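Model, not experiment: these values are computed from the prediction. Order of appearance sets the numbers: ligands from 1, and atoms from 1 within every ligand.
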Amino acid sequence: MKVQTHRFLCLYLCLNYLQSHEAHRCHGARPPPNLEFTLKPKKKKNTQQSESVLGTPCPPCPELEWRPCVGQHIGAERMMVCSNKSQFSCENLCGNPLPCGNHYCTKTCHPLGNQSSTNQSLRSEACEDCSLSCQKERKPKCQHHCPRRCHPGDCPPCKVLVKRSCHCGAMVHAFECIYYNGLSSKDQEIARSCGGPCHRKMPNCTHLCPETCHPGECPNPNKCGKKVTVRCKCQTLKKEWLCQDVQAAHNRAGSHPSDIPKNQFGVGLIPCNSDCKSKVQVVESELQLRKSRVTEVKEPDNEKSVPKRRKRRERVVESNEPTILQKIISRTKQVLLFIFFLVILVAATHYGYKGLLQLNDWMNKVDEQRQRSSRIR
Ligand SMILES: [Zn+2]
Ligand SMILES: [Zn+2]
Ligand SMILES: [Zn+2]
Ligand SMILES: [Zn+2]
Ligand SMILES: [Zn+2]
Ligand SMILES: [Zn+2]
Ligand SMILES: [Zn+2]
Ligand SMILES: [Zn+2]
């Protein structure tokens, strides 16, 4: 009876305490695991303790327990007295997964925000913010980086504009990356066509490709259906052929159609005939006639049609008449000048020669004088 009331009392007093101590009981009667092992003095102690506490507040609990760090790290628990409520942080990094879902907190051990009610007294501290830009690989894969900051889940579809010219080069498309990347290579080629005529120059002739804008080289370069005027060698006979026939004819003649200059394409493919020769002769004779007429007709034509010019010409002729006299005068002047220079030349040589002789004589005299004077000495 006595024990029962004691237990009742204890439980009543320490309800809160017991709730937080499921691992052990701070005091009160404990069912002995082994009657023989429980020694008498211990029993006494227990009874003494319980007796002293009966009806009064509980003393601080002396039991030891393993207590986790504020960051709840495994293996970082410390043995602490139950009544000591102090908290501690270990030396580990927090390591809590961040809201971005890709990284872990690198702060040193700190109380977490969402801890159990036992640690409510501790101020929770938020984990660090992930400030990195998204480093995920896009799906479908592309070379553009995700514009968002580090985030959980899949990246948004890539809306970067990708520029691609059409096959014929007439225009440049701007596709959204997600759309263009999602297409198969065949569909990409279809999407790149501008839908207009190809209009690239055919490799064998001067004509433009009639196909709609297409990838790769223009098909059937030797099947060009454009009309070409074919001429004989003297270029008098004309005929209309299909370009493909012209190409074939040039091939048969031994020259590749792409090597033929533009103005020679289709020339000489039809033979000259008698018509052609007589025409040529007519043409030649006509040309000669024209030439002769032109020379005959020119002067009277000019006089009639351009009287002003004639007047000018006459003036020029008038002004030319005194110039003949002037010419005669200038010629005579030239002749006189020539004679004058000739006389000077002759005089100069004559006197120069004389001077040289005199100089020679004088030098001889001086020499003789020297010789005499040396003999006297
Ligand atoms: Zn810790
Ligand atoms: Zn992150
Ligand atoms: Zn943290
Ligand atoms: Zn992209
Ligand atoms: Zn992303
Ligand atoms: Zn095109
Ligand atoms: Zn083409
Ligand atoms: Zn052609």
Side-chain angles (χ1 to χ4, degrees), residues 65-80 84-98 104-116 118-119 121-128 164-173 186 189-231 238-253 255-270:
E65 62 170 9
W66 286 105
R67 191 167 306 156
C69 65
V70 288
Q72 309 269 316
H73 290 112
I74 294 161
E77 296 91 352
R78 282 183 198 169
M79 182 68 84
M80 289 181 92
N84 180 6
K85 291 289 149 201
S86 64
Q87 301 285 324
F88 68 94
S89 54
C90 71
E91 284 160 2
N92 289 314
L93 298 180
C94 167
N96 205 36
L98 296 180
Y104 297 93
C105 179
T106 55
K107 278 184 179 178
T108 48
C109 180
H110 66 90
L112 300 174
N114 53 347
Q115 266 188 323
S116 60
T118 48
N119 287 329
S121 56
L122 263 173
R123 274 184 203 164
S124 64
E125 194 184 321
C127 286
E128 68 179 333
R164 291 284 182 281
S165 65
C166 78
H167 308 293
C168 72
M171 66 167 291
V172 177
H173 295 280
K186 218 178 181 184
E189 288 195 333
I190 292 167
R192 277 176 65 176
S193 173
C194 67
C198 168
H199 275 182
R200 274 182 281 175
K201 191 194 138 332
M202 301 281 272
N204 291 349
C205 58
T206 54
H207 303 119
L208 305 178
C209 176
E211 303 282 321
T212 47
C213 183
H214 61 87
E217 289 186 352
C218 295
N220 307 320
N222 49 1
K223 291 278 164 68
C224 180
K226 292 273 159 63
K227 280 180 182 173
V228 177
T229 358
V230 177
R231 290 158 199 268
K238 282 184 196 175
K239 262 186 186 178
E240 286 230 312
W241 283 16
L242 287 182
C243 182
Q244 55 189 11
D245 298 334
V246 177
Q247 288 184 39
H250 277 303
N251 268 326
R252 265 183 266 123
S255 49
H256 197 268
S258 62
D259 299 334
I260 294 165
K262 197 177 172 180
N263 58 352
Q264 291 298 308
F265 194 74
V267 173
L269 291 181
I270 41 175

Peer 1: Taking the inter-plane angle between the rings of H250 and F265 on a 0 to 90° scale, is it parallel (under 30°), tilted (30 to 60°) or perpendicular (over 60°)?
Peer 2: tilted

Peer 1: Provide the closest heavy-atom pair for H110 versus K107 in the form atom of the first, atom of the second, distance.
Peer 2: CD2-CB, 3.8 Å

Peer 1: Does any N or O in the side chain of H73 come within less than 3.5 Å of the main-chain N or O of L93, such that one atom is a donor and the other an acceptor?
Peer 2: yes

Peer 1: Taking the Zn ion (ligand 1) as the vertex, what is the angle from SG of C69 to SG of C109, given to 10 degrees?
Peer 2: 120°

Peer 1: Among the N, O or S atoms of H207, which one sits nearest to the Zn ion (ligand 8)?
Peer 2: ND1

Peer 1: More than 12 heavy atoms of other residues, nucleotides or ligands under 6.0 Å from CD of E91: yes or no?
Peer 2: no

Peer 1: Which value, rounded to 10°, describes the SG(C198)-the Zn ion (ligand 7)-SG(C218) angle?
Peer 2: 110°

Peer 1: How wide is the angle at the Zn ion (ligand 7) between SG in C209 and NE2 in H214, to the nearest 10°?
Peer 2: 110°

Peer 1: Is there side-chain contact between P111 and Q87, with at least one heavy-atom pair below 4.5 Å?
Peer 2: no

Peer 1: If you round to 10 degrees, what value do you get for the angle at the Zn ion (ligand 1) between H73 atom ND1 and C90 atom SG?
Peer 2: 90°

